[in-house]
Participant: 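A single structure is presented below for examination.
Ligands are counted one by one from 1 in listed order, and the atoms in each one are counted from 1 as well.
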Amino acid sequence: MPTAPAAAGESAPAARPRSDWTVAEVRSLYGRPLLALLGDAQAVHRQWHDPTDVQCASLLSIKTGGCPEDCAYCPQSAHHGEVDIAREGLMAVEDVLRLAERAREAGASRFCMGAAWREVRDGPAFDRVLEMVRGVRALGLEACVTLGMLNREQAQRLAEAGLTAYNHNIDTSPRFYPEIVSTRSFDARLETLRHVRDAGIRICSGGIIGMGEGDDDRADMLQVLASLDPHPESVPINALVAVPGTPLEHRPPVPGLEVARCVAAARILMPRARVRLSAGRGTLSREAQALCFLAGANSIFYGETLLTTANADSSGDRDLMEALGAADPKAAAPDAAG
Ligand code: SAM
Ligand code: DTB
Ligand code: SF4
């Protein structure tokens with residue numbers, strides 16, 4: 001396997017993280033022997049973060065299904081008529097805030113709201129989402145939304161409502177992207193991220209592994225994320241949840257060691273980011289998850305459901321956090337990073 005120049009020592013806390021990684025460098029890093037990669041990732045992680053600090057983010061689908069986009073992985077696309085999913089219109093503000101309060105009581109520090117929209121359209125629905133953002137912030141929680149594509153003014157309005165972060169994943173490599181999404185371009189994703197950044201909102205952007213891409217695609221996806229300057233404050237690493245009725249329904253689960261490799265590379269490339277072990281965590285063993293936390297993951301989605309699929313079981317998560325000596329989710333406070 002190819003080896004890369006020592007990565008860990010390059011990232012002293014005082015140094016500015018690099019945004020000039022080349023594709024060749026990142027592919028070489030990604031292909032390092034796993035034990036070497038994990039060791040370096042752990043060293044970088046300890047330089048920049050408290051290793052016992054694991055952020056718990058809560059996720060809610062505020063508008064479900066019937067999305068006009070054709071994303072092969074997504075159960076919410078209207079193109080996948082065979083998926084067994086109940087479409088729901090945009091939720092009422094009071095209902096969202098009640099659930100946000102409950103998530104806060106359960107220990108979440110960030111409340112993330114997702115809508116199955118291709119893009120934001122100005123009007124009453126967007127106004128309602130702005131109201132939700134203001135309400136979640138008023139509860140003392142960080143607020144994150146993922147609403148599809150945004151223009152400059154919409155990003156500005158979200159910033160004015162107090163939004164902490166905007167989630168917009170690049171999903172995979174530029175090369176593999178057209179095999180997964182046919183209704184929008186990779187560049188359009190980057191444009192929305194520019195609008196988010198220019199409005200002063202933190203960026204949450206990552207991707208999905210296990211869709212049939214190769215290691216070079218995984219590396220290239222991370223290279224694009226690590227080329228953003230500054231880096232995204234949060235980087236969700238999702239393992240595909242293969243939902244029956246989607247074109248990717250028969251994809252085998254991603255082995256835990258591959259998730260750990262991806263997390264480790266993300267940690268080395270983006271030392272300051274919160275790397276979130278996101279969808280697909282429910283099928284990983286406790287030991288595989290522990291390896292991912294050692295590799296530098298420091299955030300999870302906590303709660304019984306993701307958007308439409310089951311998440312890892314919450315009581316199992318509490319036991320796991322206790323067994324690992326990670327900070328008690330109930331004591332988690334909103335933080336300055338991520
Ligand atoms: N519609 C908006 C968009 O696409 O930006 C926001 C919601 S969308 C469901 C948010 C992200 O969830 C996607 O970008 C994708 O990375 C992730 N996602 C969706 N379905 C998934 C699945 N089956 N497995 C893993 N991640 C998934
Ligand atoms: C992210 O990267 N993963 C979350 C969140 N951002 C919005 C979504 C995961 C969705 C998994 C499939 C589902 O539950 O529908
Ligand atoms: Fe729609 Fe987002 Fe799902 Fe794509 S990922 S189908 S844009 S909800």
Participant: Going by the atom numbers of ligand 1, which of them fall below 4.0 Å from some non-hydrogen atom of Ala279?
Facilitator: 25 (C)
Participant: Where do Asp317 and Phe301 come nearest, in terms of heavy atoms and distance?
Facilitator: OD2-O, 4.3 Å
Participant: Strictly less than 4.0 Å: does any protein heavy-atom distance to atom 23 (N) of ligand 1 fall in that range?
Facilitator: yes
Participant: Would Ala115 count as a contact of ligand 1 if the rule is a heavy atom under 4.0 Å away?
Facilitator: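 Yes, Ala115 has a heavy atom closer than 4.0 Å to ligand 1.
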Participant: Using a 4.0 Å heavy-atom cut-off, which part of Val243 comes near ligand 2: side chain, backbone, both, or neither?
Facilitator: neither
Participant: If you count heavy atoms of other groups shown closer than 6.0 angstrom to CD of Glu179, is the number above 12?
Facilitator: yes
Participant: Does ligand 1 have an atom that lies less than 4.0 angstrom from a heavy atom of Gly148?
Facilitator: yes
Participant: Give the single entry among Gly66, Ser77, Gly114 that approaches atom 6 (S) of ligand 3 most closely by any heavy atom.
Facilitator: Ser77
Participant: In the single-linkage hydrophobic clustering (I, L, V, M, F, W, Y; side-chain heavy atoms under 4.5 Å), do Leu291 and Leu34 co-cluster?
Facilitator: yes
Participant: Note the single closest protein heavy atom to atom 1 (Fe) of ligand 3, along with its residue, its atom name and the distance in Å.
Facilitator: Cys67 SG, 2.3 Å
Participant: Which residue from His80, Met149, Arg184 reaches closest to atom 7 (S) of ligand 3 through any of its heavy atoms?
Facilitator: Arg184
Participant: For the residue pair Ile208 and Met221, what are the closest heavy atoms and their distance?
Facilitator: N-SD, 4.3 Å
Participant: What atoms of ligand 2 come closer than 4.0 angstrom to any heavy atom of Asn167?
Facilitator: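 It comes down to these atoms of ligand 2: 6 (N), 7 (C).
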Participant: For Arg189, which part has a heavy atom under 4.0 Å from ligand 1: side chain, backbone, both, or neither?
Facilitator: side chain
Participant: Which residue from Asn238, Leu306, Thr246 reaches closest to atom 2 (O) of ligand 2 through any of its heavy atoms?
Facilitator: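 Result: the heavy atom closest to atom 2 (O) of ligand 2 is in Asn238.
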Participant: Numbering the atoms of ligand 2 from 1, which are under 4.0 Å from a heavy atom of Thr308?
Facilitator: 13 (C), 14 (O), 15 (O)
Participant: Are more than 12 heavy atoms from other residues, nucleotides or ligands located less than 6.0 Å from atom CG of Asp84?
Facilitator: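 Counting other residues, nucleotides and ligands, CG of Asp84 stays at 12 neighbours or fewer.
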Participant: Is it true that, when you exclude Glu304 itself, more than 12 heavy atoms of the residues, nucleotides or ligands shown sit nearer than 6.0 Å to its CD?
Facilitator: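 Enclosed: over 12 neighbouring heavy atoms sit under 6.0 Å from CD of Glu304.
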